[in-house]
Structures are given as C-alpha cells and as structure tokens.
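A, B, ... follow the sequence lines: proteins, then strands. Residue 1 opens every chain. As the structure is a prediction and not an experimental result, all values here were calculated from the model.
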Number of protein chains: 4
Amino acid sequence: MAHSKQTPRSRGQSRPPGRTKIVEALKSLLGEKEFTAITTADIAQTAGVTEALIYKYFSDKRDLLHQLLAEYLDYFVTRAELDVKGIKGAVHKLRRLIWSHINMYAGNRVFARILLLEVRNYREYFNSDAYQMVKRYSSFLESIVEEGIAEGVIRDDIPIPVIRQLIIGGIEHICLPAVIFNRDIDPDAPADQLCDLILDGISTRQP
Amino acid sequence: MAHSKQTPRSRGQSRPPGRTKIVEALKSLLGEKEFTAITTADIAQTAGVTEALIYKYFSDKRDLLHQLLAEYLDYFVTRAELDVKGIKGAVHKLRRLIWSHINMYAGNRVFARILLLEVRNYREYFNSDAYQMVKRYSSFLESIVEEGIAEGVIRDDIPIPVIRQLIIGGIEHICLPAVIFNRDIDPDAPADQLCDLILDGISTRQP
Amino acid sequence: MAHSKQTPRSRGQSRPPGRTKIVEALKSLLGEKEFTAITTADIAQTAGVTEALIYKYFSDKRDLLHQLLAEYLDYFVTRAELDVKGIKGAVHKLRRLIWSHINMYAGNRVFARILLLEVRNYREYFNSDAYQMVKRYSSFLESIVEEGIAEGVIRDDIPIPVIRQLIIGGIEHICLPAVIFNRDIDPDAPADQLCDLILDGISTRQP
Amino acid sequence: MAHSKQTPRSRGQSRPPGRTKIVEALKSLLGEKEFTAITTADIAQTAGVTEALIYKYFSDKRDLLHQLLAEYLDYFVTRAELDVKGIKGAVHKLRRLIWSHINMYAGNRVFARILLLEVRNYREYFNSDAYQMVKRYSSFLESIVEEGIAEGVIRDDIPIPVIRQLIIGGIEHICLPAVIFNRDIDPDAPADQLCDLILDGISTRQP
DNA sequence: AATGAATGAGAATTCATTCAT
DNA sequence: GATGAATGAATTCTCATTCAT
C-alpha cells in the first residue's frame, strides 16, 4: 500500500513552492473535470512543474487527492468547531453547524466534489488522514446531539448515529445537485428548511 | 460521444446469451471489487466470452455499468411503485416506501454500490437511461409527499424537493457504511427510526 | 493471398441484390470518407445487410474495393475505347481521349478517389483484375501514340512509355486537387490546356 | 484532433536521442513494408525504445509519419532551392530542377514512397507541416516558370498551375513504377526525355 | 441467399511512475 | 528542489472475419 508522504507540520509552516503549485493545480483542474479524467501530465503542466516532482511530495496521484482533501477538511472541521463556540443550546448549535456545513459546500465546490463524489468509491480513502478528520467531524456533530439529549430538547429514543446520518445525509442531498451540475448554492433558505424538518419532522403538528 | 447501444425491448423478449453472460459477469465481479478495478478482460473471462463481444452489446465499459444499473433500477422502481399500491394514507405509504428502499439496498449490495458509489462521479451517467429512472423514482416519492400535503398530514411550508432530499439523503447515509464496508443491513430497525425522525423530527415534543 | 471471388459474367447478367447493395454502400461511403476509415460494419449497415454477407461475395474488404474499382474501370476503359472510335488522326484521338479521361474523373469523384488515392499503396492491388484493366488502358493510350508516330505527327525520339507517363501524370495532377479537396472539375479548359502543352510543350516557338 | 507535437527548433539544436531512434526506425521499416503494415510495436522494437515513448514525441503514429516526411522535405526543398542557384535562364533552371527532383526520388526510395503513396489518402496530411513544405516547393517551381515567361522563353497562354501540374505529374509518373515495385531509378535519361517533352511537346516540328 | 452470434488477435494508446543527473 | 528522459504494463477498444443455422 502506497503510504502517504505528508509530514506532520506545525501550523503556518510554509510548504515548498513546488508542492503548493501542484496542489493548486489539482484544485483548479477539479473545477473542470473529474479526478479520473485528470492525468499527472495535466497536473504537472498546469502547475508548471514536471511530473516527477509530484512523486517527490506525494506517494501517489490518489495520495495527492487525499492530501488536498485533508487540507480542506483541516480548515473545514476546525472552522466548524470554532463556528459553534459560544453558542448556547444544542439546538442553536445544530442550526449553526448545519448552516456552516452547507455554506462550506457553497463556497468550495471543489471541496464538495471531492468529498461527495471522488473519494468514497476508493477503498484506500478510508485509511487516509482525510477520513480520520471526517470521523472527527462526525463525533463533533454527535456530541452536540448528546448535549441536546442531556438538555432534554432532543429525543433519546433514537440511536445517535441514526440522527447524525439523517442530518449529514440531508445536507449532502440538498447540495448534491448543485455539486454535480455545477450550480450555485444559496445556503440560507435550504439550511433553514432543513433545520426545521430535522427538528420538527415533516408531519403537521396535531395540537 | 459514446452512446448507449441498448435497444428498447418488449418485455420477455430474450436477449442474446452472450449479452446476459456479460451483465451477470459484471454483477458478480462488482461483489468483489470496485468498478475501476475491474477490467474488460476480467469481465470477458468471467462471462466466458471474448472481450470483443462486450463492445458488440455495449458502447463502452461504462455503458455496460449503466445498463446494468438500469436493469436493477427497472426492477427496483417498478417494485417500489407496486409495493405501495393499495396502501391508504400518505404516511403509511411513505413508511412502506422507506422500508422498501432500505430493504432493496440490504438485499442488493451490488445495486447499492453502483448507485451510491460508482456512477455519480461520472458526468455521462447523468445522460443515461439509468438516471432517468432515478428521476422517475424521485417524482414518485414527491407525489406521495404531495398526497400527504393534500391530506393535511404533511406540512406545506417546506419545498417538496427539500423533503425528498432529506428522505433520500437519510436513507442513503443510513446504508452507506454498510455498503462501503460490506456489512449486513437489517432494514427493520433503521427504517422505523428513520421514519420516526422524518415524520416527527428530532425534537422532543413540547406539549 | 486472399483470392478474388468475382465470377466471370456475361454482360447484362444481373448480380444478386445483396451484392449490389454492398457495392453501392461502399460507393456511397467513399463519398464521405477514406477507405481505411470505412469499416465492414459501416458497409453492412449502409447496405442494410449483415457483415457476413460481404464475405459471401468478396474474399476481403480490399477485394470489395478492387471489384468496385474494376466495375468502374470496365465502364471507363470500354467507354474510352468507344469514345475515340471513328476519329481520324492520332492527335485528334489523343485530344479526345484526354478530355474523356478528365471528364470521367470529373463525373465520378469516387472512381477517381479510388484509383488515384486508395489502391496504389497496397501491394495486392497490382495483382488484381482492376490493375489489369489499367494496363489495358495504358496500352490503348500507347497504341494511339504509336499511331501518331507512324503518321509522322508524334516524335519518335522519346520512348513511348515516357510519353504515356507524362500524359497520364499530367491528367492526374490536374485532377488531384479537386479529388482530394472534393472540388468540382470543369474538364473543358484544363483538357485543352493540357493537350496544348503535351503537344507543343511549354516553350515559345522559335519560328 | 490529434495535433502534431513538433516544436519549432532552431537548426542544429539536438533532439532527444529516443526521438531520433524512433524516426530512424520508421525510416528503416518503410524500406521493407507499407506504413499500415508497420505497427507501433515494430517501430519501438526496431528503435530499441518502448512504445510509450513514441507518444511522448508524436501525437500519433500518423504524426510520426508526417514528421518524418517533413524532415525529408525540409532537406529536399532546401536542397532543390540551392541546386538551382547560380544557374542562368529559366529553362536551364527547370532542367536542373527536374533532374534534381527525379534524383531525389531515385536516391530516397522511402521518401518517394511516403510522398507518393502513403500520405495522400489521409485527410489530416493536408493540415500538416509537411504539406506546407510541398506547397512551398510548388511555389518555387512556379516562380521559375514565371521567370521563363518573363524571359519570353516560356509560353504565357497557359495558366502557370497547369504547367506546374504537368511537370510534377510527369515526374511522379516516371518514378511511380520504380517506387511501387522497388526498382532502381536511373535519373539521367528519363530526366532528359521528360524535359524535352515538357519543353517542346510530343509533336514533330512542322517546319 | 442471408443472418445472428461470436471471435481472434492485435493495435494503438494511456498513464502513472521511476531514476539518473 | 527540480528536471528530462524514458519506461512498464496494462487496458480499452477495433475490426475484419468465421460459422452454424
């Protein structure tokens, strides 16, 4: 198994310019076409470096993709955790998190593409750093749900993972058409509607 | 543009044996590995035919995948529509449909793999017959929601597509881990829980 | 070596309809693209028959081409011989033949394509019936030249084949651009000019 | 559209050794068989490189052929232009050029094969660099004819392109049998005879 | 006279990847 | 830190062709 070449790096430590160019090139190419349709030659040319250099920094074309995703996720997860800080009440936190999540996809179409479409069909992904961060995010979401249960505002008769899956599944499917067909996402309305549904369900309330 | 070679065929009309063998071969191979890891040589050998024959019936390796998916979907969608027949009340229909849907994934891991993991990252899929059937299914689901709104049991303050996306997203994410890691799915409990959530939301009821 | 399947046939004897359809199909396809770009599948489809039928009548895809060419040549050579009949004087015959030749290319672009572009790079052609007819035409042309020499109107200090090659080479290169780029040919002016050149040369006459 | 990969290069700038080996390999193989009968595997093996390398330097098997032809033509056209330098009188120039031309074919059977038999039936050729050089040669030939007209030694009542076509057609057809059947060409006699014909025509002079 | 089904065998081409410099 | 040159090994796909019916 090709093992990632990423070196743990302290925050802010700057990466070699060649590496950066390569990552940016992939980012830019993913705006145009599917990962499998992107060749290392493409990447090198777009980056203005040689193909060989890719293998200095990445063990693999796929490793490059995973590291790019990890960079996105690093930002995304950290950001999401921060975004919720200081908010009181699990329900408000949840509303905020859902908006934040949709907003991330809205603002980073490439990130969304990778996460929703390009990595899941590849077994190795589930051993990657990137996947670890996704799990960290899942846990974070679950912790908010737990908080809500403790507060008595979220029901406790449903396994928490099911709740998490509904939330994340809902978010993804709201964004999926836009991601696939490269359309814009306006996060506000969908986020609100989704939250309303998740919180209160689709039934009309019987008084 | 590689265009599908499928010819519209009246029900029961038998397909050439070679074609069937090829489709079955792919089905079987998808139980073992990812589509991209399956070669035409693999398929031909498993089917006991020559690679060339694949191209007599399918314009493409990908076209073969899409036609296989279409066959699954033909069965699945028709089945789903039948499954709901005779049931009174949109809510009961919805419960039935959700259970049916999860149950389909539970019983056809390969079908689930293809639909959830193997086709979406490929632009051409969205021009395929298979995708048309997915849309037919979406419409069907929406029509039940509409029925519920008409009955006054489903809220009318949320756009129907958002409701649909939440439902389908929820189903998919419930099944996804099992599909990815090849674990078994027991449809009953998750279906119930998911329905409860979708109908009533995650909030505790304030009397 | 694949041997031609053509059977000697008395004039007017009608050929099986399938065979005719195939030949016509090739004719029509050659109007659109190069021979090598035409597949047997193309031909069969255009002809409305199965590929297998091609091999009932022709030993080879190439044999089909050669037989088509032979049909054209049969007409062309016979016609050319007739065209000159009754004309008195080798020079007049030559003028007539050159015009006739260019006119044939003008009216049968596909014939010209085959003869000038599609068969020469293929060794087998030179063993075909078609090539025999080309040689018959060459002889016919040479016999007119000989006649002219006997009449004292054509010089006898140059080997006859060289004269023949100049004439045929001239005709071909006059027509070649039109054949290649699918432009129209107006036979009259070029034929006249070419004849003038061939007869009197490019030099101004010193009286 | 497969586009040539040739990069404009200043004279003397050395090409990568692999590229040279590939071109030489094709040259050598064309001495033995038709282009279509030569496989990339053949070429690679003869060159002592891998097939993949061919595609680093050429977009296509056909592109390789065209670039080889272009190299020949570069030499041929330049040489022809030089060959005529210093000669006084359009007629003498023409005689020299015709001899030169035939001599080129005589000494480079492969070059002749390519130009006369292997490229014309392929549409893409007419967009290639090689074809541009052929046109440059045509112009050069026409300029000599114009010179002769200005000198009063070449008749002005025939369009110059027709004259050019007769000359080139004559040369080609003189050489064609030798090129096709791989026979030797002795340039001297045919060149003389052809020139005599072109200059004075086939008619006997009427005093 | 014609076809449906299938094939053999290669052929071009792709692409990620390596390594000496 | 970066490159130029080259490769290995597959992989898809093509296409003429055959044969039992």
Side-chain angles (χ1 to χ4, degrees), chain A residues 2 15-19 21-22 36-44 47-64, chain B residues 2 15-19 21-22 36-44 47-64, chain C residues 2 15-19 21-22 36-44 47-64, chain D residues 2 15-19 21-22 36-44 47-64:
Chain A
R15 301 188 175 279
R19 200 200 116 99
K21 281 193 250 168
I22 290 166
T36 36
I38 296 170
T39 67
T40 48
D42 266 350
I43 299 169
V49 302
T50 56
E51 285 180 75
L53 195 62
I54 297 174
Y55 295 87
K56 269 270 172 331
Y57 297 117
F58 308 95
S59 60
D60 227 309
K61 188 185 149 197
R62 209 91 206 177
D63 179 38
L64 163 57
Chain B
R15 299 184 177 283
R19 189 189 185 282
K21 283 193 246 165
I22 290 166
T36 35
I38 296 170
T39 67
T40 49
D42 270 349
I43 298 169
V49 302
T50 55
E51 285 182 72
L53 198 63
I54 299 175
Y55 293 88
K56 267 274 178 310
Y57 298 116
F58 308 95
S59 58
D60 228 308
K61 191 184 143 195
R62 209 94 206 176
D63 180 37
L64 164 56
Chain C
R15 301 188 177 280
R19 200 200 116 100
K21 281 194 250 167
I22 290 166
T36 36
I38 296 170
T39 66
T40 49
D42 265 349
I43 297 169
V49 302
T50 56
E51 286 181 75
L53 196 62
I54 298 175
Y55 294 87
K56 269 270 173 327
Y57 297 118
F58 307 96
S59 59
D60 226 313
K61 189 185 149 198
R62 209 93 205 178
D63 179 38
L64 163 57
Chain D
R15 298 183 177 283
R19 190 190 184 282
K21 283 193 246 166
I22 290 166
T36 36
I38 296 170
T39 67
T40 50
D42 270 351
I43 298 169
V49 303
T50 55
E51 284 181 73
L53 198 63
I54 299 175
Y55 294 87
K56 270 273 178 312
Y57 297 117
F58 308 95
S59 58
D60 229 304
K61 191 183 143 196
R62 210 93 205 176
D63 180 38
L64 164 56

*Take atom CG of A/Leu64 and atom C1' of E/dC15, then tell me their distance rounded to the nearest Å.*
15 Å
*Taking B/Asp42 for the side chain and B/Ile38 for the main chain, is one N or O donor matched with an acceptor at less than 3.5 Å?*
no
*Report the distance from atom OG1 of A/Thr40 to atom CZ of A/Phe58, rounding to the nearest 0.5 Å.*
13.0 Å
*State, to 0.1 Å, how close D/Lys21 and D/Val49 come at their nearest heavy-atom pair, and which atoms those are.*
NZ-CG1, 4.1 Å
*asked:* Going by side-chain contact (heavy atoms from CB on, under 4.5 Å), name the residues that satisfy it together with D/Thr50, two or more places apart in sequence or in a different chain.
replied: D/Ala52, D/Leu53
*What string of B, S and - do you get for nucleotides 14-21 of chain F, 5' to 3', when a contact is any protein heavy atom under 4.0 Å?*
BBBBBB--
*Provide, to the nearest angstrom, the distance between the CZ atom belonging to B/Arg15 and the P atom belonging to E/dG4.*
17 Å
_Approximate separation, where rounding is to 0.5 Å, of C/Tyr55 OH and C/Asp63 CG_ = 10.5 Å
*About how many Å separate CD1 of C/Ile54 and CG of C/Leu64, when rounded to the nearest 0.5 Å?*
7.0 Å
*asked:* Between C/Val49 and B/Pro17, which residue's closest nucleotide on DNA chain E lies nearer the 5′ terminus?
replied: C/Val49
*asked:* Could you tell me how far apart B/Arg19 (CZ) and E/dG4 (C1') are, to the nearest whole angstrom?
replied: 16 Å
*Could you write out DNA chain E as a dot-bracket string, with dots for unpaired bases, | for bases paired across to another strand, and Watson-Crick or G-U pairs counted at under 3.5 Å?*
.||||||||||||||||||||
*Could you give the CZ-to-P distance, from B/Phe58 to F/dT12, as a whole number of Å?*
15 Å
*asked:* Working to the nearest 0.5 angstrom, can you tell me the gap between D/Glu51 CD and D/Ile22 CD1?
replied: 10.5 Å
*For C/Tyr57 and C/Pro16, work out which heavy atoms get closest and say how close.*
OH-CB, 3.4 Å
*Rounded to whole angstrom units, what separation is found between the CG atom of B/Asp63 and the C1' atom of F/dT12?*
14 Å
*Figure out the OH/P separation between B/Tyr57 and F/dC13, and round it to whole Å.*
18 Å
